[in-house]
Amino acid sequence: KVTIILNKINRTKTDMKNNVIFTMLVAVVLSALNLPNVAAQGVVVFTKDGAKKVFPHEKVDSIVTYNSEEELEELMGVRTFTVNGVSFTMVKVEGGTFQMGATPEQKGFDYNERPVHSVTLSDYYIGETEVTQELWTAVMGNNPSSFAGNAQRPVEMVSWDNCQTFISKLNALTGENFCLPTEAQWEYAARGGHKSKGYKFAGGNILEEVAWADENSESVTHPVAQKNANELGLYDMSGNVWEWCRDWKGPFPAESQVDPQGPSSGTGRIFRGGSWNSSAWNCRISYRNRNSETYRSSYLGMRLAIDIDK
């Protein structure tokens, strides 16, 4: 069975109509799918429920086939995993170079958000949402959270050390190499990666549209993915719960960095993003926080990452 994936692009009608090779390809593929006399209409796609959709040729960039759900996920830039009946999604972040720290749209800075410096990152995956209580329970067999009652809330009351235990068990169950994001990976993803629009918070400049914070949370966590996503389709990177990062706390360097891993030692581990009891200041993308590896709190959770081997 062949499936057509369509990608709309900003080409003029003249450009596509003059693309004779593309038109011939469309005709050949449609013929192979036993769809006669439809090339003049455009590219015809039959969805799983039997509905027919017609896309004009000038709206079609390419035709791509896939043979498995895994191939489709790769094409779409996501990977979905299921552990003990619980599914979660990882979003691919295309690497690039960005300015890390208190850039102008942050409207101020704490001392540890400077100097702003250039960071270049390779591709990686990051969790579409914070780790939920449902996923934590599926892996660990328990739920340490203070705000129980809805399994789609983010897990909290987990230390950095607890997160490492969770990740080790998750890797054993999946055969994958999950980890916490580095601080640089976290900030780049929160900014929207190469799609960044330069927002103050992750996904926008109006806090209540993208985050659960002290002004709207009613002093509790909320189910993930209820607020607007950011440019990469990531939820709750501002607010709901703070998120542990891989790095030790340390001062920012002035020089450019490539795939930084943070200091080799420090006075605590970094966490980012703000939480349900945070002010708008603490929910800014560049705000940094830290505590010991054994520290646990009802405002502190985690988000997964996967480094992509070169």
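The residues of the chain are indexed from 1 along the displayed sequence. Predicted model only: the values in this text are computed from it and were never measured.
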Q: Looking at side-chain heavy atoms only, is the closest gap between Ser275 and Leu300 below 4.5 Å?
A: no
Q: Check for me, please, whether Val86 and Val155 land in the same ILVMFWY cluster - side-chain distances under 4.5 Å, paths through other members count.
A: yes
Q: Mind checking whether Tyr124 and Met100 sit in one hydrophobic cluster, side chains of I, L, V, M, F, W, Y counted as touching below 4.5 Å?
A: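 Yes, same cluster.
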Q: Yes or no on side chain to side chain contact (heavy atoms under 4.5 Å, CB included) for Val139 and Asn84, after CA distance, side-chain angles and deciding distance?
A: CA-CA 8 Å; Val139 173; Asn84 293 330; 6.0 Å; no
Q: Rounded to the nearest 0.5 Å, how far does CZ of Phe147 lie from CD of Gln133?
A: 10.0 Å
Q: Short question: side chain of Ser196, backbone of Gly198 - any donor-acceptor pair under 3.5 Å?
A: yes
Q: List in chain and number order the residues that pass side chain to side chain contact (heavy atoms under 4.5 Å, CB included) with Arg246, two or more places apart in sequence or in another chain; answer none if no residue qualifies.
A: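 Applying side chain to side chain contact (heavy atoms under 4.5 Å, CB included) to Arg246 gives Cys179, Leu180, Thr182, Gln185, Gln261, Asp307.
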Q: What verdict does the side chain to side chain contact (heavy atoms under 4.5 Å, CB included) test give for Asn142 and Thr137, after you've listed the backbone C-alpha separation in whole Å, the side-chain angles of each residue and the deciding distance to 0.1 Å?
A: CA-CA 5 Å; Asn142 62 71; Thr137 303; over 6 Å; no
Q: Where the side chain of Ser159 meets the backbone of Asn162, is there a donor-acceptor pair that is under 3.5 Å apart?
A: yes
Q: Atom CD of residue position Glu94 - does it have more than 12 heavy atoms of other residues, nucleotides or ligands inside 6.0 Å?
A: no
Q: Hydrogens and angles aside, do Thr294 and Asp161 bring a side-chain donor and acceptor to less than 3.5 Å of each other?
A: no
Q: Where is the tightest heavy-atom contact between Pro115 and Ala254, given as atom of each residue plus distance?
A: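 In this case the closest contact between Pro115 and Ala254 is CG-CA, 3.8 Å.
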Q: Determine whether Val78 and Met90 make a side-chain contact, defined as any pair of heavy atoms from C-beta on separated by less than 4.5 Å.
A: no
Q: Any heavy-atom pair between the side chains of Ile167 and Met302 that's under 4.5 Å?
A: yes
Q: Please name the pair of heavy atoms, one in Asp247 and one in Pro181, separated by the smallest distance, quoted to 0.1 Å.
A: OD1-O, 4.5 Å
Q: Please give me the minimum heavy-atom distance between Ala202 and Met237, naming the atom from each residue.
A: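 The pair with the smallest heavy-atom distance is CB-CB, 3.7 Å.
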Q: Distance check, rounded to the nearest 0.5 Å: His117 atom NE2 versus Gln99 atom CD?
A: 9.0 Å
Q: Answer with yes or no whether the side chains of Thr80 and Ser87 bring together a donor and an acceptor at under 3.5 Å.
A: no
Q: Enter the distance from Ser298:OG to Asn277:CG here, rounded to the nearest 0.5 Å.
A: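 Between Ser298 OG and Asn277 CG, I get 7.0 Å after rounding to 0.5 Å.
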Q: Identify the heavy atoms of Asn230 and Ala190 that sit nearest to each other, and give their distance.
A: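 Shortest heavy-atom separation between Asn230 and Ala190 comes out as ND2-O, 3.3 Å.
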Q: For the pair Tyr199 and Glu231, evaluate side chain to side chain contact (heavy atoms under 4.5 Å, CB included) and give the outcome as yes or no after the intermediate values.
A: CA-CA 10 Å; Tyr199 292 133; Glu231 298 93 320; 3.3 Å; yes
Q: So, does Tyr188 use its side chain to make a donor-acceptor pair with the main chain of His194 at under 3.5 Å?
A: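 At least one qualifying donor-acceptor pair exists.
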Q: Let me confirm one number: the CG-CE distance from Asn143 to Met157, rounded to the nearest 0.5 Å.
A: 11.0 Å
Q: Does this structure show an ion pair linking Arg296 with Glu156, if we count only N-O contacts that are shorter than 4.0 Å?
A: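 Not counted as a salt bridge, because no side-chain N and carboxylate O are separated by less than 4.0 Å.
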Q: Around atom CG of Leu173, are there more than 12 heavy atoms from other residues, nucleotides or ligands closer than 6.0 Å?
A: yes
Q: Using the ring pair (Phe, Tyr, Trp, His ring centres under 6.0 Å) definition, which of the options Phe271, Trp186, Trp160 pairs with Trp242?
A: Phe271
Q: Which distance, rounded to the nearest 0.5 Å, do you find between the CD1 of Ile308 and the CG of Asp123?
A: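 It is 5.0 Å, given to the nearest 0.5 Å.
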Q: Please check: side-chain N/O of Gln106 versus main-chain N/O of Ser286, any donor-acceptor pairing under 3.5 Å?
A: yes
Q: Between the side chain of Arg290 and the main-chain N/O of Ile270, is any donor-acceptor distance below 3.5 Å?
A: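 Checking the backbone N and O of Ile270 against the side chain of Arg290, no donor-acceptor pair under 3.5 Å is found.
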Q: Using links of under 4.5 Å between side-chain heavy atoms of ILVMFWY residues, direct or through other members, which residues join Leu207 in one cluster?
A: Phe201, Val210
Q: Checking Arg272 now: which residues fulfil salt bridge (charged side-chain N to carboxylate O under 4.0 Å, His left out) with it, not counting sequence neighbours?
A: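 Scan of Arg272 (salt bridge (charged side-chain N to carboxylate O under 4.0 Å, His left out), adjacent residues dropped) gives Glu183, Glu187.
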Q: Looking at OG1 of Thr132 and CD of Glu134, how far apart are the two atoms once the value is rounded to the nearest 0.5 Å?
A: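 Nearest 0.5 Å value for the OG1-CD distance: 5.0 Å.
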Q: Of all the heavy-atom pairs spanning Gly108 and Ala102, show the shortest one and how long it is.
A: O-CB, 3.9 Å
Q: Passes ring-ring contact (aromatic ring centres under 6.0 Å, His included), Tyr287 versus Phe109? Steps please.
A: CA-CA 8 Å; Tyr287 190 84; Phe109 60 92; over 10 Å; no
Q: Aromatic ring centroids of Trp136 and Phe166 under 6.0 Å?
A: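 For Trp136 and Phe166, the ring centres are under 6.0 Å apart.
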Q: Ignoring hydrogens and geometry, is there a side-chain-to-backbone donor-acceptor pair from Asn216 to Ala213 under 3.5 Å?
A: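 Yes, the answer is positive, given that a donor and an acceptor are paired below the 3.5 Å cut-off.
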Q: Can the positive tip of Arg269 be found less than 6.0 Å from the middle of the six-membered ring of Trp248, inside 45° of the ring normal?
A: yes
Q: Give a yes or no on whether Val116 and Leu121 share a hydrophobic cluster (residues Ile, Leu, Val, Met, Phe, Trp, Tyr; joining criterion: side-chain heavy atoms under 4.5 Å apart).
A: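 They do not share one cluster, since no chain of ILVMFWY contacts under 4.5 Å joins Val116 to Leu121.
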Q: Quick one: salt bridge (charged side-chain N to carboxylate O under 4.0 Å, His left out) partners of Glu113, sequence neighbours excluded?
A: Arg284
Q: List the residues meeting side chain to side chain contact (heavy atoms under 4.5 Å, CB included) with Glu128, not counting sequence neighbours, and say none if there are none.
A: Thr89, Val91, Tyr235
Q: Indicate if Trp212 and Val158 have the same hydrophobic cluster label, given that clusters are the connected sets of ILVMFWY residues with side-chain heavy-atom separations under 4.5 angstrom.
A: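 Different clusters: Trp212 never reaches Val158 through Ile, Leu, Val, Met, Phe, Trp or Tyr contacts under 4.5 Å.
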Q: Between the side chains of Thr103 and Arg191, is a donor N or O closer than 3.5 angstrom to an acceptor N or O?
A: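 Result is yes, a qualifying pair exists.
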Q: Extract all donor-acceptor atom pairs below 3.5 Å that involve side chains of residues 219-228 and protein atoms in other chains or at least two apart in sequence.
A:
residue: His222; atom: NE2; partner: Ser217; partner atom: O; Å: 2.8
residue: Gln226; atom: NE2; partner: Val224; partner atom: O; Å: 3.4
residue: Lys227; atom: NZ; partner: Glu208; partner atom: O; Å: 2.7

Q: I want to check something: taking the side chain as every heavy atom from C-beta on, are Leu232 and Val93 in contact at a cut-off of under 4.5 Å?
A: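 In short, these two side chains touch, coming nearer than 4.5 Å.
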Q: Do Arg288's NZ or CZ and the ring of Phe252 fall within the cation-pi criteria of under 6.0 Å and 45°?
A: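 Yes - Arg288 lies over the ring of Phe252, closer than 6.0 Å to its centre and within 45° of its axis.
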Q: Under the 3.5 angstrom rule, does the side chain of Asp236 hit a backbone N or O of Asn240 as a donor-acceptor pair?
A: no
Q: For the residue pair Val83 and Leu170, establish whether any side-chain heavy-atom pair is separated by less than 4.5 Å.
A: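 Yes; the side chains approach each other to less than 4.5 Å.
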Q: Looking only at heavy atoms, which two atoms of Val119 and Pro260 are closest? And how far apart?
A: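 Looks like CG1-CD, 3.7 Å.
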Q: List the steps, then state whether side chain to side chain contact (heavy atoms under 4.5 Å, CB included) holds for Ile126 with Leu234.
A: CA-CA 9 Å; Ile126 196 164; Leu234 306 175; 3.7 Å; yes
